[in-house]
Protein chains: 2
Amino acid sequence: MSPEPVPPEPSRKTPGPPASAPPAPVIVLIEDEPQIRRFLRATLGSHGYRLYEAGAGEDGLVEAASRQPDVVILDLGLPDLDGLQVIRRLREWSTVPIIVLSARGQEGDKVAALDAGADDYVSKPFAVGELLARLRVALRHAAAGDSGSPTFAVGGLRVDQIKRQVQVEGQDVHLTPIEYRLLTLLVRHAGRVVGQRQLLKEVWGPGQTEQTHYLRVYMGTLRRKLEKDPARPRYLLTEPGVGYRLAAE
Amino acid sequence: MSPEPVPPEPSRKTPGPPASAPPAPVIVLIEDEPQIRRFLRATLGSHGYRLYEAGAGEDGLVEAASRQPDVVILDLGLPDLDGLQVIRRLREWSTVPIIVLSARGQEGDKVAALDAGADDYVSKPFAVGELLARLRVALRHAAAGDSGSPTFAVGGLRVDQIKRQVQVEGQDVHLTPIEYRLLTLLVRHAGRVVGQRQLLKEVWGPGQTEQTHYLRVYMGTLRRKLEKDPARPRYLLTEPGVGYRLAAE
DNA sequence: TCTCTGCGTCAAGACGGCATCAAGATCCTT
DNA sequence: AAGGATCTTGATGCCGTCTTGACGCAGAGA
């Protein structure tokens, strides 16, 4: 196992054919302190990563959506948004690994960030070598599974999780909050069966995992809004006794 | 996100199939200091985890192999084996998340452990809350399917346990819940014979281990759905008097 | 050859899960 | 405070799945 990520041929003169070289991992850095940005830009750049930067939470979310990075490095102390908010907003549509940087090293801060959906937490000041090692861990994880895209489309169905917009055959469809959460939950697992328990837990909360009735009602309304023939659904498929599945193609 | 792992479902009405109740996460702890073991035993136990312990590296590897845990917590300072050795040996056949505990907090130690294949590194003395949070992160990863791809294929038969999809000659085949559980149970032991008792116990519950009749009926329906010539099965083989076996290749 | 045992097949009925409708209850906006 | 949208809850019909029993068949042993 090489400790270095992707030694991009230390110094090739020719920008020529990137041929068989694996693509450089893409990282989005959300950090407002210019000093740290400069430092990480230099460090990560020299280790073969491609870096995109944002100085504020909102920008960072946009950047993460457009760049589809392999990893996001996030500073919790941002000027505009609460860092935890950034994590949660990101997790609404993406499973990209998030490494949190923070000047605060209190246990409570770490727990909050990790439970909000971060994958790792590094306190400032940090050791570069450790950060790089944790970055490699995150990349290993990212390589195992897809990081998810904020937009999804099958047939005539389009779901844009950034604009929070759903279309059928190009027509906007209005969904209620619960309908939307149910649909995006399925989108994030498109093609896979999602268990009734899991759906109930994530939409209605951990206390309602027995109310399978809710699912029937809401799958019904969703189908009426999204399917051409709700009785013979093309997108929202039932897996009897198990859960539901969103057709992937 | 609930901070608690998996509230162990207070009380099911039917004593029947172990089916839908989410099982308590299983953890293997490899640690030689009795004091820390006692402490973690109490802490993890009270948070709903099922803990198995080992006091040395070799034992730990055996334990990890037999218990098939969701997470391994590993102390680097073991009497018999070098901690890094344990990580590497484990990684030879398993992708289970590994959280390293260590009294040494040097950067070099962390980098070495993480690059050897560990997923996280916590220095002693550690804060319980943080360890629990990092444990939840590891479990999230495990649940997301980072851990190896349980897809199985022989001949024209394909079983994708992530998508819960079964194909024969590229054609989707619909299986009922019991059929699917029976098949995946065989898949997990592909090539080896699985006893009738075990099949009955794991699919119908511990109370039905005498109803070998069920097996005949369901092996029949499975063969009709999966085999080209159900009377001369290629995949689902009978081991008379013992059990059934899924052809491995 | 006969009998016993274990496996495979078929079919009928019981059972439970799913879809749908509709009526309260609740929340939010105006 | 009124109105509308949304969520919850109950009732009902239907369909697929599971269970259960009966029977045929093959192989082993007497």
Side-chain angles (χ1 to χ4, degrees), chain A residues 164 166 172-183 185-186 193-197 199-200 202-205 207-245, chain B residues 12-20 164 166 173-183 185-186 193-197 199-200 202-205 207-245:
Chain A
R164 200 187 179 288
V166 177
D172 273 30
V173 175
H174 170 75
L175 297 187
T176 72
I178 286 194
E179 290 164 0
Y180 181 77
R181 289 176 67 187
L182 204 50
L183 179 61
L185 197 53
L186 290 170
V193 177
V194 188
Q196 305 185 345
R197 293 293 188 99
L199 291 168
L200 288 164
E202 304 216 15
V203 175
W204 280 272
Q208 310 295 320
T209 59
E210 308 293 325
Q211 307 294 334
T212 60
H213 189 75
Y214 293 169
L215 289 178
R216 301 198 199 104
V217 174
Y218 275 91
M219 294 302 301
T221 70
L222 268 178
R223 283 186 178 135
R224 214 167 308 126
K225 290 183 177 182
L226 304 180
E227 300 275 3
K228 195 164 285 177
D229 179 2
R232 217 165 281 98
R234 290 179 50 209
Y235 309 128
L236 297 165
L237 310 176
T238 304
E239 211 68 43
V242 186
Y244 294 86
R245 175 213 306 267
Chain B
R12 294 283 294 162
K13 285 158 194 157
T14 53
S20 45
R164 196 192 182 280
V166 178
V173 174
H174 171 76
L175 297 187
T176 71
I178 287 193
E179 289 163 1
Y180 182 78
R181 290 176 67 186
L182 204 50
L183 179 61
L185 196 53
L186 290 170
V193 179
V194 186
Q196 304 187 345
R197 290 295 188 93
L199 290 168
L200 287 164
E202 303 214 17
V203 176
W204 280 271
Q208 312 294 322
T209 58
E210 309 295 323
Q211 308 293 335
T212 60
H213 188 72
Y214 292 169
L215 289 178
R216 296 192 207 107
V217 174
Y218 275 91
M219 294 303 300
T221 71
L222 268 179
R223 283 184 177 135
R224 213 167 310 127
K225 290 183 176 181
L226 304 180
E227 301 276 2
K228 195 163 285 177
D229 179 3
R232 217 165 282 99
R234 289 180 49 210
Y235 309 127
L236 298 164
L237 310 175
T238 304
E239 213 68 45
V242 186
Y244 294 86
R245 182 163 59 94

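In what follows, chains are A, B, ... by sequence order, proteins preceding strands, each numbered from 1.
Between A/L222 atom CG and C/dC18 atom P the separation is 16 Å, expressed in whole Å. Distance OH (A/Y214) to P (C/dA19): 17 Å, rounded to an integer number of Å. Atom OH in B/Y218 sits about 11 Å away from atom P in D/dT20, given to the nearest Å. The CD1 atom of B/I178 sits 14 Å away from the C1' atom of C/dG17 (whole-angstrom rounding). For the pair A/H174 NE2 and D/dC7 C1', the computed distance is 13 Å after rounding to whole Å. Put simply, CD on B/E210 is 12 Å from P on C/dG6, counting in whole angstrom units. Rounded to whole Å, atom P of C/dA19 lies 12 Å from atom CD of A/E227.
Counting any heavy atom pair closer than 4.0 Å across all strands shown, B/E239 reaches no nucleic acid atom.
Legend: residues meeting side-chain hydrogen bond (donor to acceptor under 3.5 Å, both in side chains) with A/R216, ordered by chain and number and at least two apart, are A/T212. Partners of B/Y214 under the ring-ring contact (aromatic ring centres under 6.0 Å, His included) rule, at least two apart in sequence or in another chain, are B/W204. Remark: A/R224 pairs with no residue by the side-chain hydrogen bond (donor to acceptor under 3.5 Å, both in side chains) rule, at least two apart or across chains.
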Intra- and inter-strand pairing of DNA chain C, written as dot-bracket with Watson-Crick and G-U pairs under 3.5 Å and | for the latter, reads ||||||||||||||||||||||||||||||
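The 5' end of DNA chain D is approached more closely, in terms of each residue's nearest nucleotide, by A/Q211 than by the other of B/E179 and A/Q211.
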With sugar-phosphate taken as primed atoms, P, OP1 and OP2 and all else as base, the protein-contact string of nucleotides 24-30 of chain D at under 4.0 Å (heavy atoms; B, S, -) is -------
Identify all pairs in which a protein N or O lies below 3.5 Å from an N or O of nucleotides 8-13 of chain C, and state each distance.
{"from": "C/dG8", "atom 1": "OP1", "to": "B/R223", "atom 2": "NH1", "distance (Å)": "2.9"}
{"from": "C/dG8", "atom 1": "OP1", "to": "B/T238", "atom 2": "OG1", "distance (Å)": "2.7"}
{"from": "C/dG8", "atom 1": "OP2", "to": "B/Y244", "atom 2": "OH", "distance (Å)": "2.8"}

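Counting heavy-atom neighbours within 6.0 Å of A/R234 CZ, excluding the residue itself, gives a total of 12 or less.
Across all their heavy atoms, B/K225 and B/V173 have their closest contact at CB-CG1, 4.0 Å.
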